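So the structure is just underneath, and the comments pick up after that.
Heads up: numbering here begins at 1 and tracks the sequence. These numbers were taken from a predicted model, which means no experiment stands behind them.
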Amino acid sequence: MAANITEEFAIYLSAKSPNTSDLLSRLNSPSRVGEKTLRDLWEMTDVSANDFADEVSRFYRLPRVALPQLLAAASLVGRFSRRFVRETQVFPYETPSGALRLAVADPNDGAAVRAAEIVLGGPVAVEIASYEDIDTVLNERLGEDEADASEAGEASLARADDDVESLRDLASGAPVVRAVNDLLEKASELRATDIHIEPFRSGLVIRMRVDGLLRPVPTPAGALPQALISRIKILAGLNIAERRLPQDGAARLKVARSDLDMRVATMPTQHGESAVIRLLPRDRGLLEIEKLGLSDADETIINRLLALPHGMIVVTGPTGSGKTTTLATMLTILNESTRKILTIEDPVEYEIHGVNQSQIRPQIGLTFSTALRAFVRQDPDVIMVGEVRDAETAHIAVHAALTGHLVLTTLHTETAAAAVPRLLDLGVEGFLLKSTLRAVLAQRLVRILCDRCKVKHPLRASDLTADPRYAALGFTIGDTVHEPHGCERCGGTGYRGRTGVFEMIEMIGPVRDLIKSDTDSGTIEQAAIKAGATTMIDDAIAKCRAGVTSAAEVLRVTTVR
């Protein structure tokens, strides 16, 4: 029944906004299986969390409660388990008159309401709050991790330092299991992509990478470093007895109603083992080119190039610049029943239904180059190579593009223009590259200013004098910029989420003619700009002027040339 009500709300929301006219068809697409929730619906729209909650309130005819009211209310979350309120996204509280209230983001979850009534011992009145507001108030009220591990557990670890079975038992104990689960839930709440667990002489340090920057978080109380690391190694299927060598593993978990693919890498250090956990949500929804941050002109070029039957498209940028997401989005566009798509990646980060994806395994000889050789015998239409790292891979990729395949790949270069000299340096002949290379897309990720707290600021002469960033980016007196401020929604940082800044060079006309062994990247870049290409810094400045990001963020990830 809930799924039908959700579909009715999708129809209602589509009628309210022309930008959501295809919600119902997307909600019921073959790639979305299982129960459909309002959160699924919200994540497919560009509607803000507050506006979405307003529409839910109107449609279901339920009272709307805002964040200030929730923060001021008498919380009853202490009567519930942390896991219950996190997974069901509810906030129970009591009014001054003693009435019981339950703030929910999805009123279709009748089981959560009934459970709350059982725990509270009476009927509760349901109210609507946004997903973000409930996250904020739960973070506020649940507080830091519980410090409830016993001294006996610590003594047991000291005695069993070299006893693997005892260590395994301790790592499977309730305090350690709860500490790791709470750590993963915290990462999910913060939308973290990585968890860094690092032992030092003074104790364990835990940091999470949120929107590209590391953020310290409190260390779970009651779990000693060795037990915590051992628990993570058990989840990832690693050998807890081996502490002298690096190890890699993976696991699939359900955290706060979300499915996560977890990749773990451990490394021995001076004070014990460190671990880095990469978190890859499996329910990130459909990858859409509109959400990458491409300009209209670049998006048009990408769509046109993806319609070509063969050739090579290269995406460049440093590690963590969003190249994999861009390639996965391109594959989603190409993913039709009439095409066979093969990928070789390290690792497979996005699982795309209908695409044959493989992960390299150098220890058994499965590298990018060996996989590529096998791919051309599999009758593919599209080939995606995670990265061109060596001359052999580059040669096979270029020849695959030459023989009728569309090849997508990445390179580590500073700019789009630098990809051409790099491929030539890897030994690719200039005439082959001229025939196959269709375009190079370079990108970085900038943090998006929080819509709730960003501050509009018209520039004065004193601003340009006091802060040289504005002059460096070409701003003048009277221009309007936006600056971060900080609020509950963004965790006080002033930023929430990231978007891409791009530069694209399409290999046509005079730009293609420059592909030869003695051409440098500067010459190619100048020719591309004359042909109408936009540089990365120009794209970043345009996003800064539009209030998407700040001047400081632009200068953090790009270089003014």
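Counting heavy atoms from C-beta on, the side chains of P309 and L406 never come closer than 4.5 Å. Under the 4.5 Å side-chain criterion, counting only non-hydrogen atoms from C-beta, M384 is not in contact with L342.
Using a 3.5 Å distance cut-off with no hydrogens or angles, the side chains of Y495 and T549 do not pair a donor with an acceptor. Side-chain contact of S48 with D51: a donor-acceptor pair under 3.5 Å is present, judged by distance alone. Counting only N and O atoms by type, the side chains of N356 and Q378 include no donor and acceptor under 3.5 Å apart. Between the side chains of D54 and S57, no donor-acceptor pair is found at a separation under 3.5 Å.
A donor-acceptor pair is defined here as one N or O able to donate and one able to accept, closer than 3.5 Å; no such pair exists between the side chain of R438 and the backbone of L305.
Shown here are the ring-ring contact (aromatic ring centres under 6.0 Å, His included) partners of F91, two or more places apart in sequence or in another chain: Y93. For E387, the salt bridge (Lys or Arg N to Asp or Glu O under 4.0 Å) partners two or more places apart in sequence, or in a different chain, are R389.
A salt bridge between R39 and D106 is absent, with no side-chain N of the basic residue lying under 4.0 Å from a carboxylate O of the acidic one. A salt bridge between R263 and E349 is absent, with no side-chain N of the basic residue lying under 4.0 Å from a carboxylate O of the acidic one.
Between Y470 and F475, the angle of the ring planes goes over 60°, which puts this pair in the perpendicular group of the 30/60° scheme.
Enclosure of atom NZ in K340 by more than 12 non-hydrogen atoms of other residues, nucleotides or ligands within 6.0 angstrom is indicated.
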